[in-house]
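Notes for the one structure printed next.
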Amino acid sequence: MEKKNLRIVFMGTPEFAVGSLQRLVENNYNVVAVVTQPDKPVGRHASVLRPSPVKEYALAHGLPVLQPLKMKDEQFLEQLRSYNADLQVVVAFRMLPEVVWAMPRFGTFNVHAALLPDYRGAAPINWAVINGETLTGVTTFFLDHDIDTGRIIAQRQFPIPDDADVEYVYDALMQLGAQLCTDTVDLVLSTDGNAPSQPQQDSDAHHAAPKIFKETCAIDFSLTAKRIYDFVRGLSPAPGAWCLLTPRDANAPAQVLKIYKTAKTGESVAGGALVSSAPDHKAAGGALVSSAPDYKAVKTDDQPTGVEVGTLKAENRRLFVATVDEWLEIVELQPAGKKRMAARDYLNGFQHPEDFLLK
């Protein structure tokens, strides 16, 4: 079968899915329809409906769009059958009932942003970075009754740099996933719909990747500096890790503080004051950040042997927070009601950080 004769229905919603749809369209695969989530109400009164990125791309390229409220709705199923798809491709969509995924004669495959069976779930990219993984990737697999458990068709690996945030990994996996998407379609074509696949091997060592909520993003400063460093970059720039800037004076209110970028110092909280031999750290845009300055510990006679976690201090126009083991530099943050900014700019108006704790 030639690819022009393979009728494909594409299903997806966010920007991540646009990469795969775009690659299919630009390489002249026969995408006959697109299924995406209903437009989302936005605005103060939810009076404006915002289409998904997939819908915007589909309409711009003249593709029919279906937006069912329920995947088992008979009218939707009738519409879907009318496209007589040979194959369905799913990227970052929703769980499908069997009546949908079993409809095409060649089945339905999904592009998942992890190396299955590791990181099954809704937020695999975030959790891989949060957990400090150095390797991730993308997987295509045939859908079955459970979430992310189907037979694996193909995988591609991607190394995660230690200074990469989730946006960097997201963009890279979107492109890698798009390549794997068309490679998988080609495999389906070349095998006349009998693409080889392997069952997933379950293990207790595999990580879950559940949906992330606001509560998930709260920073626990009793963790090690390395774990907090990974936690922050695994949620940056969105949804963003947060904490409470809490005055030591119990009568004053706490304020929410979002933290977008940190830097490891390698210095124990009991090791004395921190002095940097590097020039002022510049806040950098984009996902990758430069290496941390060269810090040296300077012990003082009155330095305590232990520091309360969440303790703040400023040294040479830099802001540091005490974790359970080391001082961690806060490089970029966002105070409540203000824009994201460099910590050195924040310090211009934030006097006496030692009077506060981060909790």
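- Applying the under-4.5 Å side-chain rule to Ile, Leu, Val, Met, Phe, Trp and Tyr, the cluster around I147 extends to M95.
- Heavy-atom neighbours of K359 NZ from other residues, nucleotides or ligands within 6.0 Å: at or below the threshold of 12.
- Side chain of W127 to main chain of A208: no donor-acceptor pair is present (N/O by atom type, distance under 3.5 Å, no hydrogens or angles).
- Under the 4.5 Å side-chain criterion, counting only non-hydrogen atoms from C-beta, Y346 is in contact with L257.
- Note on F231: it does not cluster hydrophobically with Y260, by side-chain heavy-atom contacts below 4.5 Å among ILVMFWY residues.
- Transitive grouping of hydrophobic side chains (ILVMFWY, heavy atoms separated by less than 4.5 Å) keeps L357 and I228 in distinct clusters.
- Expressed to the nearest 0.5 Å, how far CD1 of I259 lies from CG of L328 amounts to 8.0 Å.
- The hydrophobic clustering, which links ILVMFWY residues whose side-chain heavy atoms are closer than 4.5 Å, places L115 and L173 apart.
- For the pair T13 and T36, the minimum side-chain heavy-atom distance is below 4.5 Å.
- Between the OG1 atom in T184 and the CG atom in N110 there is a gap of 10.5 Å [rounded to 0.5 Å].
- No side-chain donor-acceptor contact under 3.5 Å links K226 to the backbone of G132.
- The minimum heavy-atom distance linking A178 with S20 is given by the pair CA-OG, 3.5 Å.
- Under the 3.5 Å distance criterion, the side-chain polar atoms of S236 are left unmatched by any main-chain donor or acceptor of K261.
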**Message:** Let's go through D39 and K55 carefully: what are the C-alpha distance in whole Å and the side-chain angles of both, what is the deciding distance for side chain to side chain contact (heavy atoms under 4.5 Å, CB included) to 0.1 Å, and is it a yes or a no?
**Reply:** CA-CA 9 Å; D39 295 357; K55 179 181 179 179; 3.1 Å; yes
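- Counting only distance, with no hydrogens or angles, the side chain of N316 and the backbone of R318 share no donor-acceptor pair below 3.5 Å.
- For the pair Q201 and P117, the tightest heavy-atom approach, listed with the atom from each and the gap, is O-CG, 3.2 Å.
- The neighbour count for Q179 CD, taken as heavy atoms of other residues, nucleotides or ligands under 6.0 Å away, is above 12.
- Side-chain contact between F106 and M1 is present, with at least one heavy-atom pair separated by less than 4.5 Å.
- The distance from the CD atom of Q22 to the CZ atom of F10 is 11.0 Å, given to the nearest 0.5 Å.
- For residues 238-250, the pairs satisfying salt bridge (charged side-chain N to carboxylate O under 4.0 Å, His left out) are R248-E308, with sequence neighbours left out.
- Between T108 atom OG1 and E98 atom CD the span is 10.5 Å, to the nearest 0.5 Å.
- Environment of CZ in R227: sparse, with no more than 12 heavy atoms of neighbouring residues, nucleotides or ligands closer than 6.0 Å.
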**Prompt:** After noting the C-alpha distance and the side-chain angles of V54 and Y57, does the key distance pass the side chain to side chain contact (heavy atoms under 4.5 Å, CB included) rule?
**Reply:** CA-CA 5 Å; V54 163; Y57 181 87; 5.9 Å; no
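- Proximity of a side-chain donor or acceptor of S190 to a complementary backbone N or O of L187 within less than 3.5 Å is detected.
- By the side chain to side chain contact (heavy atoms under 4.5 Å, CB included) test, T149 pairs with R120, D144, D146, sequence neighbours left out.
- Within the 3.5 Å criterion, the main-chain N or O of A60 finds no donor-acceptor partner in the side chain of E56.
- Tracing side-chain contacts under 4.5 Å through hydrophobic residues (I, L, V, M, F, W, Y), one reaches V25 starting from V111; they form part of the same cluster.
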**Request:** Would you check, one step at a time, whether the test side chain to side chain contact (heavy atoms under 4.5 Å, CB included) holds for L21 with L63?
**Result:** CA-CA 11 Å; L21 178 57; L63 299 174; 4.2 Å; yes
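- Distance check: L319 CG to R317 CZ gives 12.0 Å after rounding to the nearest 0.5 Å.
- Residue R50 places its CZ atom among 12 or fewer non-hydrogen atoms of other residues, nucleotides or ligands, all under 6.0 Å distant.
- The nearest pair of heavy atoms linking P247 to A254 is CD-CA, 4.0 Å.
- By the 4.5 Å side-chain criterion applied to Ile, Leu, Val, Met, Phe, Trp and Tyr, V90 is assigned to a cluster that also includes V9, M11, V32, V35, L66, M71, F76, L77, L80, Y83, F93, L96, V99, V100, W101, M103, L116, F141, L143, I152.
- At least one side-chain heavy atom of T224 sits less than 4.5 Å from a side-chain heavy atom of V324.
- By the 4.5 Å heavy-atom criterion applied to side chains, C181 and F109 are counted as neighbours.
- The minimum heavy-atom distance between I160 and A128, with the atom names listed, is CD1-CB, 4.4 Å.
- Using a 4.0 Å cut-off between a side-chain N of Lys or Arg and a carboxylate O of Asp or Glu, R340 and E332 qualify as a salt bridge.
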**Message:** Checking T311 against F221 for the side chain to side chain contact (heavy atoms under 4.5 Å, CB included) test, could you report, in this order, the C-alpha distance in whole Å, the side-chain angles of both residues, the deciding distance, and whether it holds?
**Reply:** CA-CA 9 Å; T311 295; F221 288 98; over 6 Å; no
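- For the pair D163/Y168, no side-chain contact is recorded, criterion being any heavy-atom separation below 4.5 Å from C-beta on.
- Contact annotation: the side chain of P38 approaches that of L69 to within less than 4.5 Å [non-hydrogen atoms, C-beta and beyond].
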**Request:** Show the numbers, then the answer: is there a salt bridge (Lys or Arg N to Asp or Glu O under 4.0 Å) between R7 and D86?
**Result:** CA-CA 5 Å; R7 297 177 64 83; D86 300 301; 5.6 Å; no
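- When hydrophobic residues (I, L, V, M, F, W, Y) are linked wherever their side-chain heavy atoms come within less than 4.5 Å, the members clustered with L244 are W242, V256.
- Side-chain contact annotation: Q155 with T139, donor-acceptor N/O pair under 3.5 Å present.
- Ring-plane geometry between Y119 and H207 is classed as parallel, the angle between the planes falling under 30 degrees on a 0 to 90 degree scale with a further cut at 60.
- The minimum heavy-atom distance between A343 and I330, with the atom names listed, is CB-O, 3.0 Å.
- The main-chain N or O of F16 is found under 3.5 Å from a side-chain atom of Y170 such that the two form a donor-acceptor pair.
- No donor-acceptor pair under 3.5 Å is formed between the side chain of D165 and the backbone N or O of R233.
- Grouping Ile, Leu, Val, Met, Phe, Trp and Tyr residues whose side-chain heavy atoms lie under 4.5 Å apart, directly or via other members, places V65 in a hydrophobic cluster with L59.
- Between A92 and P14 the shortest heavy-atom distance is O-CD, 3.1 Å.
- Formation of a donor-acceptor pair under 3.5 Å by the N126 side chain with backbone atoms of L235 is not found in this model.
- In this structure, L358 and I219 have side chains that are not in contact, with every pair of non-hydrogen atoms separated by 4.5 Å or more.
- Of the charged side-chain nitrogens involved, at least one lies within less than 4.0 Å of a carboxylate oxygen, so that D162 and K264 count as a salt-bridged pair.
- With Q200 contributing its side chain and D148 its backbone, the two residues share a donor-acceptor pair below 3.5 Å.
- The structure places CZ of F158 at 10.0 Å from CD1 of I125, a figure rounded to the nearest 0.5 Å.
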